[in-house]
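Let me begin by presenting the structure, written as structure tokens, before commenting on it.
Throughout, a chain's letter reflects where its sequence line sits, starting with A, and its residues are numbered from 1.
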Protein chains: 2
Amino acid sequence: MSTDDTPKTLTSIEKTLSIIEALWKLDGAGVTELADHLDMSKSTAHAHLATLARNGFVVSGDDQYELGLRFVNFGEYVKRSQSLYTVTQPVVEEVAEKTGERVFCMVEQHGLATALCVAAGDRSVQTDIRVGTHSYMHCSSSGKAILAHLPHPRVEEILDRWGLKQFTENTITDRERLYDELRAGRDRGYFFNREEYRTGVTAIGVPIVDDGDVRGAVSLSGPAMRLEGDWHQRDLPSRLLSAANAIEVDLSFNR
Amino acid sequence: MSTDDTPKTLTSIEKTLSIIEALWKLDGAGVTELADHLDMSKSTAHAHLATLARNGFVVSGDDQYELGLRFVNFGEYVKRSQSLYTVTQPVVEEVAEKTGERVFCMVEQHGLATALCVAAGDRSVQTDIRVGTHSYMHCSSSGKAILAHLPHPRVEEILDRWGLKQFTENTITDRERLYDELRAGRDRGYFFNREEYRTGVTAIGVPIVDDGDVRGAVSLSGPAMRLEGDWHQRDLPSRLLSAANAIEVDLSFNR
DNA sequence: AAGCTTGTTCGATATTGTAGAACACACTGG
DNA sequence: CCAGTGTGTTCTACAATATCGAACAAGCTT
């Protein structure tokens with residue numbers, strides 16, 4: 001390898017963390033199932049699970065181990081400690097109600113976009129994005145909105161880390177094309193996701209900038225057909241822009 | 001000790017878990033602060049934090065380490081995977097709206113009561129209980145409702161583990177008195193918390209029983225003065241009982 | 001620029017996480 | 001009813017590795 005980016009990592013801890021992740025992905029699992037899913041001995045998996053269980057991070061019930069309710073505590077805590085959360089939640093709900101579409105507030109961490117708030121309007125599209133769901137930045141409107149306002153080296157770091165995975169035939173997988181798109185969005189003020197993550201689903205995203213730094217983005221997603229109309233092309237962006245602006249003003253006071 | 005209940009525990013993992021807990025309690029912390037809060041060397045704390053950060057469980061920003069957004073993902077996942085959550089949320093909201101008080105749905109895990117849903121009415125008391133907050137069972141109305149329907153050895157196990165910590169002068173700290181209270185509540189059908197956790201705050205709790213097992217409880221809390229009126233003494237319990245009943249019916253179908 | 005903080009890296013030692021075999025237990029099908 | 005397979009759990013010996021202290025770099029205030 002050219003760059004050695006393992007500046008000291010505790011392998012046993014990573015084992016535990018991978019167990020936690022696996023219990024999430026597998027929606028609970030038994031000892032042996034985990035052991036050969038993660039290539040470790042049964043006894044090791046058991047020791048880790050026992051330690052996690054003793055500390056309330058994991059529960060053993062229904063013939064399998066599951067993540068414990070302590071995660072609910074930590075999750076709510078982290079969500080609420082994000083300064084954007086309190087400010088954004090009501091705004092997102094209002095936009096969803098007015099437009100009838102599905103509206104998100106997303107923030108970046110570790111190079112991924114995580115949903116902080118989600119609100120559904122009365123004709124919202126179905127989606128697999130819930131609060132806490134993290135997704136790639138290059139194929140979402142919020143992701144692009146955030147990327148476009150991050151320092152360039154950071155953007156490259158993120159793309160190096162996560163790549164530009166293809167989801168649909170519209171997904172932008174070429175780095176230069178993405179940069180063009182970001183530039184265009186920056187000039188325009190808002191960003192698109194034209195069926196780049198799910199076919200049939202289009203989205204519009206607007207960044208939230210505070211004191212020169214992007215703090216996150218608000219986005220709205222709906223069926224491609226509906227969002228392509230002339231009326232929506234002008235109305236929805238301006239609605240999102242004023243929502244983001246309201247949030248920005250609010251943030252500038254709580255500073 | 002009479003019983004040796006440490007049947008194999010990984011010390012390094014417990015260190016990591018204690019770091020996670022400390023980052024929550026301290027609302028983020030630096031390396032040295034954590035190190036001497038948890039009696040470990042700076043370098044050890046750093047190694048753990050680096051591992052947690054590399055895996056997205058922790059973020060380093062603002063001159064201190066904080067819990068990362070991955071916890072939001074896990075938290076929402078665990079919350080939603082509780083079968084009670086989906087069923088109870090709308091019911092809890094409805095009761096809160098009708099009564100104007102604060103309403104909870106709580107479930108037991110590891111001997112503590114955790115709030116799954118919280119809804120506020122228009123004249124709700126202030127509280128420090130949010131979704132995910134875990135509290136002792138012996139001094140909450142939901143806790144009593146659940147304890148009263150758990151097998152007796154389990155109850156003793158829980159009380160052994162967590163004790164009967166005193167919060168106010170009304171807190172029941174005597175085990176026999178608690179058993180009497182549980183018996184009375186079981187006959188009555190609903191349970192009280194008479195300023196046993198916070199002075200001035202009274203609560204009424206009702207168990208949710210499915211197929212013979214307690215699954216959780218719904219409770220309503222408000223100022224002691226307001227809940228002591230004759231009207232409330234009859235109206236609120238029956239309202240909660242029918243709410244719990246509706247939930248039970250719902251549960252029996254999704255079985 | 002000296003003195004205090006931080007956070008970070010490094011290397012040697014002993015603590016401890018690890019694997020594998022053996023265990024108890026539940027279930028299933030002949 | 002009892003082999004047979006699947007669990008989860010316990011145990012022990014060994015090698016792997018988490019740990020510590022000291023040394024380091026960087027950011028402060030003085």
[X] and [Y] aromatic centres sub-6.0 Å:
| X | Y | answer |
| --- | --- | --- |
| Phe71(B) | Tyr77(A) | no |
| Phe57(A) | Phe74(A) | yes |
| Tyr136(B) | Phe167(B) | yes |

For the pair made of [atom1] in [X] and [atom2] in [N], what is the distance, rounded to whole Å?
| X | N | atom1 | atom2 | value |
| --- | --- | --- | --- | --- |
| Glu33(A) | dT9(D) | CD | C1' | 18 Å |
| Leu10(A) | dT8(C) | CG | C1' | 14 Å |
| Glu14(A) | dG17(C) | CD | C1' | 15 Å |
| Asp36(B) | dT19(D) | CG | P | 17 Å |
| Met40(B) | dG21(D) | CE | C1' | 16 Å |
| Asp39(B) | dT19(D) | CG | P | 14 Å |
| His46(B) | dA25(D) | NE2 | P | 16 Å |
| Leu49(B) | dT19(D) | CG | P | 12 Å |

Would you mind classifying the nucleic acid contact of [X] as base, sugar-phosphate or nothing, using non-hydrogen atoms under 4.0 angstrom?
| X | answer |
| --- | --- |
| Ser41(B) | base |
| Thr11(A) | sugar-phosphate |
| Lys42(B) | base |
| Ser43(A) | base |

Pairwise 5' ranking along DNA chain D for Tyr65(A) and His48(B), keeping only the more 5' one =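 Residue closer to the 5' terminus by nearest nucleotide: Tyr65(A).
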key: Earlier contact from the 5' end, DNA chain D, for Ile13(B) and Asp63(A)   =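 Residue closer to the 5' terminus by nearest nucleotide: Asp63(A).
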message = Among dT18(C), dA19(C), dT19(D), which nucleotide has an atom closest to any side-chain atom of Ser12(A)?
response = dT18(C)
query = Any idea which of dT8(C), dG17(C), dT18(C) is nearest the Lys15(A) side chain?
reply =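 Ranking dT8(C), dG17(C), dT18(C) by closest atom to the Lys15(A) side chain puts dT18(C) first.
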ask   = Would you say the side chains of Ser142(A) and Ser140(A) form a donor-acceptor pair under 3.5 Å?
value = no
request  = Determine the minimum heavy-atom distance between Thr51(B) and Leu10(A), stating which atoms define it.
outcome  =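 That would be OG1-N, 3.2 Å.
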key: C1'-based separation of dC20(D) from dC24(D) [nearest Å]   = 16 Å
